[in-house]
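A short worksheet on the structure shown next.
Just so you know, these numbers come straight off a predicted model, no measurement behind them. No hydrogens, no waters, no symmetry mates; every other heavy atom, side chains included, goes into these values.
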Amino acid sequence: MRVAVSGTHCSGKSTLIDHFLIAHPDFSHELEPYTVLQEDYGEVFAAEPSADDFYQQLKFNIDRLRRYQPGEKVIYERCPIDFIAYLLALSDLRTDKQASLLVERSLDIVKDGIELLDLIVFLPLDGMDSDVMSDAEEQELRIAVDDWLVDIFRGNDLNIFSFCHPIILEARGSTEERFLQIESLLKLPPWEGRDQ
């Protein structure tokens with residue numbers, strides 16, 4: 001089972017994944033591309049978020065998705081949709097002129113990438129505990145990305161799910177509540193009876 005946790009920055013992805021891995025130590029963990037590219041590959045990203053950086057992370061994410069076959073157990077911190085949401089947000093906020101061009105270049109890549117996932121767990125900001133991460137960095141960008149993720153996951157904006165539709169779970173509440181929502185889903189068809 002190939003699972004990705006999606007959400008804007010400071011939405012609780014890492015904490016939820018840590019919780020999940022305690023209960024499912026047989027799952028591989030693919031860290032956020034930003035972290036892996038910096039720590040393992042020595043990439044240096046600009047202090048200000050840039051479209052080129054997000055496009056690079058998208059390509060890295062797709063490469064990591066291709067490393068696992070159906071039936072393998074892996075959980076990803078981020079999915080391809082996250083990166084197109086960041087590009088769209090940068091375009092909306094007019095902070096990077098390259099963003100619109102890279103959105104067009106990314107659409108087919110993103111559609112191909114989600115075919116490699118079985119489940120996407122989306123963490124919307126309106127589903128978080130109110131006390132969590134209210135002082136997050138880049139608040140304007142954070143909210144703009146969340147708005148795009150909501151439009152894509154709830155409304156299928158951009159028609160990303162036209163041909164392939166992994167199961168989408170919109171997880172809400174505390175980390176424990178979100179975790180229990182994932183566990184409940186995994187006990188239902190089509191997951192029930194699979195070796196998890």
Main chain of [Y], side chain of [X]: is a donor-acceptor contact present, judged purely on distance under 3.5 Å?
{"X": "Q57", "Y": "D53", "result": "yes"}
{"X": "R2", "Y": "L116", "result": "yes"}
{"X": "D96", "Y": "A51", "result": "yes"}
{"X": "S11", "Y": "T8", "result": "yes"}
{"X": "K13", "Y": "G7", "result": "yes"}

Taking all non-hydrogen atoms of both residues into account, name the closest pair between [X] and [Y] and its distance.
{"X": "L149", "Y": "A85", "answer": "CD2-CB, 3.6 Å"}
{"X": "C10", "Y": "M128", "answer": "O-CE, 3.7 Å"}
{"X": "Q139", "Y": "R142", "answer": "OE1-NH1, 2.9 Å"}
{"X": "I62", "Y": "G113", "answer": "CD1-CA, 3.5 Å"}
{"X": "P166", "Y": "I120", "answer": "CG-CD1, 3.8 Å"}
{"X": "V3", "Y": "L117", "answer": "C-CD2, 4.2 Å"}

Between [Y] and [X], is there a side-chain donor-acceptor contact under 3.5 Å, judged purely by atom types and distance?
{"X": "R178", "Y": "Q181", "answer": "no"}
{"X": "S6", "Y": "D82", "answer": "yes"}
{"X": "Y55", "Y": "Q98", "answer": "no"}

[Y] and [X], any side-chain heavy atoms less than 4.5 Å apart:
{"X": "P80", "Y": "I160", "result": "no"}
{"X": "F83", "Y": "V110", "result": "no"}
{"X": "D40", "Y": "L31", "result": "no"}

Treating Ile, Leu, Val, Met, Phe, Trp and Tyr as nodes and any side-chain heavy-atom pair under 4.5 angstrom as an edge, say whether [X] and [Y] lie in one connected cluster.
{"X": "W148", "Y": "F161", "value": "yes"}
{"X": "Y86", "Y": "L88", "value": "yes"}
{"X": "L16", "Y": "L180", "value": "yes"}
{"X": "I168", "Y": "L123", "value": "no"}
{"X": "M1", "Y": "I17", "value": "yes"}

Please work out which of the three classes, parallel, tilted or perpendicular, describes the rings of F45 and Y34, given edges at 30° and 60°.
-> parallel
Could you label the plane-to-plane angle of the H24 and F27 rings as parallel, tilted or perpendicular, counting under 30° as parallel and over 60° as perpendicular?
-> perpendicular
[X] [atom1] to [Y] [atom2] distance, which is reported to the nearest 0.5 Å:
{"X": "R172", "Y": "L125", "atom1": "CZ", "atom2": "CG", "answer": "10.5 Å"}
{"X": "Q56", "Y": "Y41", "atom1": "CD", "atom2": "OH", "answer": "11.5 Å"}
{"X": "S106", "Y": "D112", "atom1": "OG", "atom2": "CG", "answer": "12.0 Å"}
{"X": "Y76", "Y": "E32", "atom1": "OH", "atom2": "CD", "answer": "14.5 Å"}
{"X": "S14", "Y": "H9", "atom1": "OG", "atom2": "NE2", "answer": "13.0 Å"}
{"X": "L102", "Y": "S91", "atom1": "CG", "atom2": "OG", "answer": "10.0 Å"}

Let me see the working for E30 and Y68 under side chain to side chain contact (heavy atoms under 4.5 Å, CB included), right down to the final yes or no.
-> CA-CA 11 Å; E30 286 288 341; Y68 294 87; 2.9 Å; yes
Side chain to side chain contact (heavy atoms under 4.5 Å, CB included) assessment of L141 paired with L90 | CA-CA 7 Å; L141 177 62; L90 288 177; 4.0 Å; yes
Using a strict 4.0 Å threshold on nitrogen-to-oxygen distance, state whether R67 and D63 make a salt bridge.
-> yes
Testing D146, D126, D147 for salt bridge (Lys or Arg N to Asp or Glu O under 4.0 Å) with R154, which one passes?
-> D126
Output, in order, the C-alpha distance, side-chain angles, deciding distance and verdict of side chain to side chain contact (heavy atoms under 4.5 Å, CB included) for V74 and R64.
-> CA-CA 10 Å; V74 57; R64 291 300 172 113; over 6 Å; no
F20 vs H29, side chain to side chain contact (heavy atoms under 4.5 Å, CB included): CA-CA, chis, key distance, verdict | CA-CA 10 Å; F20 180 88; H29 177 203; over 6 Å; no
